[in-house]
Asker: 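Input: one structure, supplied below.
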Amino acid sequence: MILHLHLVRHGQTTFNRYNRLQGWCNAPLTVSGLADADKAGHKLEHITFAAAYCSDTSRAQITAARILDINEAAGHVRPELVSDMHFREQCYGYFEGQDMSLAWTAAGGPHGAKNYNDIVEKFGLAATRDFLKEADPFHDAESDAEYWERVEGAFALIAANTALKDGDDVLQISHGNTLLSLAHRFGDDTLDLSERPANGSVTDIDFDTTKPFNEALTIVRYNW
């Protein structure tokens, strides 16, 4: 079964505005963030969603609700919104809420990397998670293996929905680093991965529920 997933990055929050790591903690949407959600809603208002999913964070739930409001007003049947922790952003542990540049310097410094992009360039994306967990004095930050195990659980939750059928469209409210991670893992060389997807942007992914996770996702359109 092929499902057409429409992944929207939640609207801008105060932590996004202040350049702070957000992860599993909550921060309210800004006025611009509400507008981000509405903009995404209008991009997608022509689509009939068979299901809708988001993380159990307020920024994702509010973004989802505004998109579904617009979709319903356009004449579509409103699907039930499923909120689940498997759809959360990467957990940054001790570094939640800290300035991004300081956190990534703390993670990369012991390995000779000065910031997030430097870690990726020298060691790969997986190292950003493993180095941050290593730098976390409580080791609560997710390792790369822990992160992907949880994310895979999110897609398993969608695949287990017996009401879905081949060709259905599914709304999924996602997070910046998660979208970037999916693009790194499943995208090709044509994608510009120099920056995280914008708040309110849409990434379209085809999900083949019959394949193992490593082969199941195809990025159709990224960060538009």
Asker: Taking the side chain as everything from C-beta on, heavy atoms only, tell me whether S32 gets closer than 4.5 Å to R17.
Answerer: no
Asker: Examine the side chains of D36 and Q12 and answer whether a donor and an acceptor come within less than 3.5 Å of each other.
Answerer: no
Asker: List the atom pairs, with distances to 0.1 Å, where a side-chain N or O of residues 212-222 and a protein N or O form a donor-acceptor pair under 3.5 Å, not counting sequence neighbours.
Answerer:
from	atom 1	to	atom 2	distance (Å)
N214	OD1	R185	NH2	2.0
R221	NE	D204	OD2	3.3
R221	NH2	D204	OD2	3.3

Asker: Determine whether I205 and L7 make a side-chain contact, defined as any pair of heavy atoms from C-beta on separated by less than 4.5 Å.
Answerer: yes
Asker: Measuring from N16:CG to R196:CZ, what's the distance to the nearest 0.5 Å?
Answerer: 10.0 Å
Asker: Quick one: name the residues clustered hydrophobically with L81, using the 4.5 Å side-chain heavy-atom rule over I, L, V, M, F, W, Y, and just say none if it's on its own.
Answerer: V8, L44, I47, F49, I67, L68, L171, I173, V202, W224
Asker: May I have the step-by-step check of side-chain hydrogen bond (donor to acceptor under 3.5 Å, both in side chains) for N177 and Q90, ending in yes or no?
Answerer: CA-CA 7 Å; N177 204 53; Q90 174 181 339; 2.5 Å; yes
Asker: Side chains of residues 102-112: which donor-acceptor pairs under 3.5 Å do they make with residues two or more places apart or in other chains?
Answerer:
from	atom 1	to	atom 2	distance (Å)
T105	OG1	S101	O	2.8
T105	OG1	K114	O	3.1
H111	NE2	E134	OE2	2.9

Asker: Does anything in residues 52-75 form a ring pair (Phe, Tyr, Trp, His ring centres under 6.0 Å)? List the pairs, not counting sequence neighbours.
Answerer: Y53-F87
Asker: Output all residues satisfying side-chain contact (heavy atoms from CB on, under 4.5 Å) with L29, sequence neighbours left out; order by chain, then residue number.
Answerer: T13, L34, R59, I62, T63
Asker: Any side-chain heavy atom of Y116 sitting closer than 4.5 Å to one from E121?
Answerer: no
Asker: Same hydrophobic cluster for V170 and F207, using side-chain heavy-atom links shorter than 4.5 Å among ILVMFWY?
Answerer: yes
Asker: Calculate, to the nearest 0.5 Å, the distance between atoms CG and NZ belonging to D38 and K43 respectively.
Answerer: 12.5 Å
Asker: Which hydrophobic side chains are connected to M85, either touching it within the sub-4.5 Å cutoff or through other members that do?
Answerer: W24
Asker: At what distance, to the nearest 0.5 angstrom, does CD of Q172 lie from CG of L5?
Answerer: 6.0 Å
Asker: Please round to the nearest 0.5 Å and tell me the distance separating atom CD1 of I70 and atom NE2 of H42.
Answerer: 4.0 Å
Asker: Taking the side chain as every heavy atom from C-beta outward, state whether C91 and E96 have any atom pair closer than 4.5 Å.
Answerer: yes
Asker: For the atom pair OG (S143) and CG (D136), what is the distance rounded to the nearest 0.5 Å?
Answerer: 11.5 Å
Asker: Show your working on salt bridge (Lys or Arg N to Asp or Glu O under 4.0 Å) between D69 and R78 and close with a plain yes or no.
Answerer: CA-CA 8 Å; D69 284 346; R78 188 187 190 107; 2.8 Å; yes
Asker: Is there a side-chain contact between Y92 and C25 (heavy atoms, below 4.5 Å)?
Answerer: no
Asker: Say you draw a straight line from OG1 of T210 to CD1 of I2; how long is it, rounded to the nearest 0.5 Å?
Answerer: 6.5 Å
Asker: Considering only heavy atoms from C-beta outward, does the side chain of E142 approach that of R150 to under 4.5 Å?
Answerer: yes
Asker: Please report the C-alpha distance between E146 and R129 in whole Å, then the side-chain angles of each, then the deciding distance to 0.1 Å, and finally whether the salt bridge (Lys or Arg N to Asp or Glu O under 4.0 Å) criterion is met.
Answerer: CA-CA 9 Å; E146 291 167 338; R129 284 183 267 272; over 6 Å; no
Asker: Is there a side-chain contact between L157 and D84, using heavy atoms and a 4.5 Å cut-off?
Answerer: yes
Asker: Walk me through whether S174 and R9 qualify under side-chain contact (heavy atoms from CB on, under 4.5 Å).
Answerer: CA-CA 5 Å; S174 193; R9 186 183 177 195; 6.0 Å; no
Asker: With side chains defined as the heavy atoms from C-beta onward, is the minimum distance between T128 and V120 less than 4.5 Å?
Answerer: yes
Asker: Looking at R20, is its backbone amide N or carbonyl O close enough to the side chain of Q98 to form a donor-acceptor pair, meaning the two atoms are under 3.5 Å apart?
Answerer: no
